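Keep in mind that what you see is a predicted model, and the values were worked out from it rather than measured. The residues of the chain are indexed from 1 along the displayed sequence.
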Amino acid sequence: MKSGKTLNRTLLVLACAGGYGSAFAQDNGATNIDGASKKKLEAITVTGSLIPQTQIETFTPTTTITSEQLKANGFATVAQALQHITFATGSVQNAQNTNSFTPGAKTASFFGLNPGYIKILIDGRSLNNFPALYNSTEVINNLNTIPTDLVERIDFLPGGQSTLYGSDAIAGVINIIMKKKIDTPIVDVRYGWDGLNGGANRHISVANTFKFNKFTLTAGAQLESYQPIWSADRSWTSHYFENGSSSALANRDYLIYNTKVSNSYYMLDPNRCALTRGQFGGTEDLRNRPRQGEYCGSFYSPGTSTLSGDSRTASIYTRSTYDLSETTQWYGDFSYNFDREKWNNGASTLWWGSSSKYTYIYDPDLDDYINLQKSFSPEEVGGYQHAMYKTYERNYTLTLGAKGVLGTSDWEYDISVMHGEDKLVQRPLARFKGAMEDFFAVHVLGPDLGPDPHGNGFSTFRPNYEAFYTPISNSDFNSFAGYLTTRAKTWQNIGRMTLTHSSLAKMPGGDLGVAFLFEAGNEGWDYSPDLRLLTDGVWGQSAVQGAGHRSRFAVANEWRLPLLPELTLSASARFDAYKVASSTVSKPAYSVGLEYRPLGDLLLLRARYGTSFKAPTLADQFTGPSTYYVNTTDYYNCALLGYDPSVATINCPAKYNGVSVKGLQSGNPELRPISATNWSAGFILSPVPRMALAADFYHWNIKDEVAFEDGDKLLLQEAACRLGQLDISSPSCQSAISKITRNAKGELIGIYTPKVNVSNETIDAMNVSFNYVFSMGSFGEFSPSLNYTDILQHKYQPYAGDPYVDLLRSPYWSTDFKTKFSASLNWRLTKWGATLYASRYGRSPNYLVTLNASSPYTKPGEGTLPTWVTFNTSVSYKPLTNLDVSFIVNNLFNAMPPIDRSFPGTSSAPYNKKNYDVYGRMFSVEASYKFGR
């Protein structure tokens, strides 16, 4: 019995037939196990190793999604497939989170880790970074620009993979393998529609391989479009929540509030909202909030935002090769992707208020200090569909290379150079501050009558209240609104060479393999916001800015040592160095793996231990200064008055306790790499042909994570230094004092909190999968597949010395899923095929418990939400030899997420948008036609 042969063939068949399976050959054509293809199986390249080898599954667990599975499971995009994979347990911002920095980009969080902790590759090469920052601080890749129809398969390697792939590969590596050869010209057309409303989509792709003597060209193009889904299209999000912890409350679209009685409103409209009733689709009317007062508002203003955007994408991919000789091949890859996204934040962020300029105004007729605020309705804006936020992304990558054999030796080489750029133009709708304030000064507030008579420093006005309650025209709105232009880009240049020898020497268990890798290049980032965002010229909006570049190089070495027929040892090491200005940041990484096959082709035991890292991103290092305001305690001045830190926040006078301070944040060129140690252990059992049961355990210990410096701790340290409790001349004291700004009187006026390496994180996780392919004769072939991921432990330490936070039991910090499960059943019979795919999301915390930072799950109403299960199904038929047609239903039973009744009546959606969606049932029909034989 040859060790592992049957197991490898089983894994290969399972990966191609059913649900998510194990890794298989990167070269096409390996699906026929017998004949000529058998030779290909003997020496293949797998994701996770540089050495061609005979084993498909190694010490590194690999999950594979084939292009056929993408469609059969109901995934129209690569992003959808990766977001549904069971490893993707983390909550992430998405298209529903319109008031974020990257609503048009698509990403995923694996094992609850930062989305930037995953390395995404296209054919083994780094995907260009998205120019805008996720959550204003993190660098991510945008999965929206990958053409689905041109993907051959997706390999996912969980766990640290830095020894082969370098920075970012802490949570794992995603390698998207593009199609290298297409047997005959193919056209694919899809049309999809929403079972409720909105979201219609269209898709077309063409691809072919052209061969001219020694030259081969594979080329494909894809176009896609998605119509938006508005919040008004869903009953859950069209209006304020009616069945929550409090009664639904209408939005305060026309509101005047005062200070004489806390939280009370004035109703000063002589027409009592009669002129506003045509706004928000005729839903505006006189409203009342208990114990506060009357105003004009609508219950349906939440419907003006989008749940998913208006999307247009276009992609081109080419792969060309030229066989210079029998042992040398030149090649070139080129990809170009265009992505235009449009979305809308809705009425909640499209408003004006007098407080932004005046804090309060004094009305002598009321003898009170008041503020006015109004939302701009769709009728005033000219329809929210005509006031969309827009982004335009253009992303391209060019690779040129050569591969072959060195002379008459068995050393194989691959040399390539790559250039990639990702350019982004953001066009947010803006209200220009001066023009808008001037408009309302003329039409509503009237002239400034001078300081208030009570000496509180506020301006005096006699507003025209009837004008305030009168809707403005669309031309009036356009007089102070328009679009900004922010430009951003990333770029990378990488030269790469690998040398491999799959049989350098004979060992007791087989051939010794070795590989060497050399990389060098540079990369850059530039985010240049519209200058009006940086000069206080835009109302209610801000921006980060920054630019920088660096050079880098890396060397890596991998060994595969078959110690015995049953036992193989693998080892790899890598060294990366990044040069920024005059300094260099470097990081080594190593990995050791074992594969043991005690029962030959029935059982594989595997284990791996290694290190991984994430280099400081260019945004971490070069983000420019951005301001914020914080209420904090001046511990130094409190101490001078006799209040030590233990009582300062309670007893120190208000002048120094809760003082409002202007903060300044920025990147930090001195950051160290984030480092991690990780190990995994597991097995694959194949008791019968074409069946595999796999289970793996993963552990991470991540140190030196990047966060903004803690301002409160800086103030504590500064006080200790100034009071002589610490050596004021020490570097740490000098650093702390330099970040605190005081005026001539010694009063606190500013604090500087750059990014620093301070946080730590530990994770334990388990994954179990089962795949089986069996025949039932004339009833066809069936292939069930199961996958289950459980995050056993996830702890986070924000700053050194802080207690660790249990993220699985602290909803204030995290709402990630602890468990995730998927299952599929695939059936094939001659011209027919069908798939049923199910996703089960585990329990998650309700809204109320996320507000409890100290003792969660102890107050009435705090708890967890039940699991959420969705089903996708597809049916395919082959009416002609060259024609495939399919019908797909996503969310077959129109399952909505578990309703969270702990949300208050002021909520526009009774569910966590980072965890769930209310898109509901969607349908699509697809046809693929192949020309020729």
Side-chain angles (χ1 to χ4, degrees), residues 257-264 291-292 355 359-360 369 371 452 454-458 627-665 707-754 756 758-759 796-806 810-813 848-860 862:
Y257 60 95
N258 65 24
T259 61
K260 183 177 291 185
V261 180
S262 178
N263 294 323
S264 64
R291 297 180 302 280
Q292 293 178 323
S355 62
T359 309
Y360 279 96
Y369 301 93
N371 268 322
D452 71 275
H454 302 296
N456 290 318
F458 298 108
T627 58
Y628 65 97
Y629 287 89
V630 63
N631 290 326
T632 189
T633 302
D634 185 349
Y635 293 104
Y636 174 60
N637 275 310
C638 286
L640 294 180
L641 295 177
Y643 303 101
D644 66 44
S646 64
V647 297
T649 58
I650 301 174
N651 299 328
C652 187
K655 182 178 181 180
Y656 302 121
N657 180 18
V659 59
S660 179
V661 176
K662 185 177 183 179
L664 184 68
Q665 292 179 337
F708 285 110
E709 192 155 6
D710 188 322
D712 191 68
K713 283 184 167 55
L714 269 179
L715 289 167
L716 280 168
Q717 184 179 7
E718 182 233 13
C721 294
R722 291 186 183 276
L723 295 169
Q725 298 167 0
L726 297 174
D727 182 3
I728 196 170
S729 64
S730 66
S732 60
C733 275
Q734 290 299 305
S735 174
I737 291 173
S738 69
K739 295 171 184 173
I740 306 298
T741 304
R742 297 181 178 277
N743 60 20
K745 297 180 181 180
E747 296 170 334
L748 179 65
I749 59 174
I751 184 169
Y752 174 49
T753 53
V756 288
V758 290
S759 304
Y796 176 69
Q797 184 186 42
Y799 293 91
D802 287 346
Y804 274 84
V805 178
D806 185 347
S810 301
Y812 175 82
W813 290 85
L848 192 60
V849 75
T850 64
L851 307 178
N852 189 343
S854 58
S855 54
Y857 300 108
T858 59
K859 297 180 180 179
E862 296 180 350

Can we say Glu747 and Lys655 salt-bridge, meaning some charged N sits less than 4.0 Å from an Asp/Glu carboxylate O?
yes

Would you say the side chain of [Y] lies within less than 4.5 Å of the side chain of [X], judging by non-hydrogen atoms?
X      : Y      : value
Tyr257 : Ser355 : yes
Leu848 : Lys859 : no
Leu748 : Glu718 : no
Gln717 : Ser735 : no
Asp712 : Tyr635 : yes
Leu715 : Thr633 : no
Leu640 : Leu723 : yes

Run the ring pair (Phe, Tyr, Trp, His ring centres under 6.0 Å) test against Phe458 and tell me which residues pass, sequence neighbours left out.
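Phe458 satisfies ring pair (Phe, Tyr, Trp, His ring centres under 6.0 Å) with Tyr369 only.
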
Quick one: list whatever passes side chain to side chain donor-acceptor pair (under 3.5 Å) with [X], sequence neighbours left out.
X      : answer
Asp634 : Asn637, Arg742
Thr850 : none
Tyr796 : Ser759

Backbone N or O of Ile728 within a donor-acceptor pair of the Gln734 side chain at under 3.5 Å?
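Yes: the side chain of Gln734 pairs with the backbone of Ile728.
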
Could you list all the salt bridge (charged side-chain N to carboxylate O under 4.0 Å, His left out) pairs where at least one residue sits in residues 635-648, not counting sequence neighbours?
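Not a single pair qualifies under salt bridge (charged side-chain N to carboxylate O under 4.0 Å, His left out).
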
Can you give me the closest heavy-atom contact between [X] and [Y], atom names plus distance?
X      : Y      : value
Pro645 : Leu716 : CB-CD2, 3.6 Å
Leu714 : Tyr752 : CD1-O, 3.4 Å
Cys652 : Tyr643 : CA-CD1, 4.0 Å
Glu862 : Thr858 : OE1-N, 3.0 Å
Pro798 : Pro803 : CD-O, 4.2 Å
Asn258 : Ser264 : OD1-OG, 2.5 Å

Yes or no on side-chain contact (heavy atoms from CB on, under 4.5 Å) for Leu726 and Ser732, after CA distance, side-chain angles and deciding distance?
CA-CA 9 Å; Leu726 297 174; Ser732 60; 5.8 Å; no

To the nearest 0.5 Å, what is the distance between OG1 on Thr741 and CD1 on Ile751?
9.0 Å

So how far is it from Ile749 CD1 to Ile740 CD1, rounded to the nearest 0.5 Å?
11.0 Å

Side chains of Asn852 and Tyr857, donor plus acceptor under 3.5 Å
no

Applying side-chain contact (heavy atoms from CB on, under 4.5 Å), name anything that partners Val756, two or more places apart in sequence or on another chain.
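Checked Val756 against side-chain contact (heavy atoms from CB on, under 4.5 Å); matches are Asn668, Glu709, Val758.
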
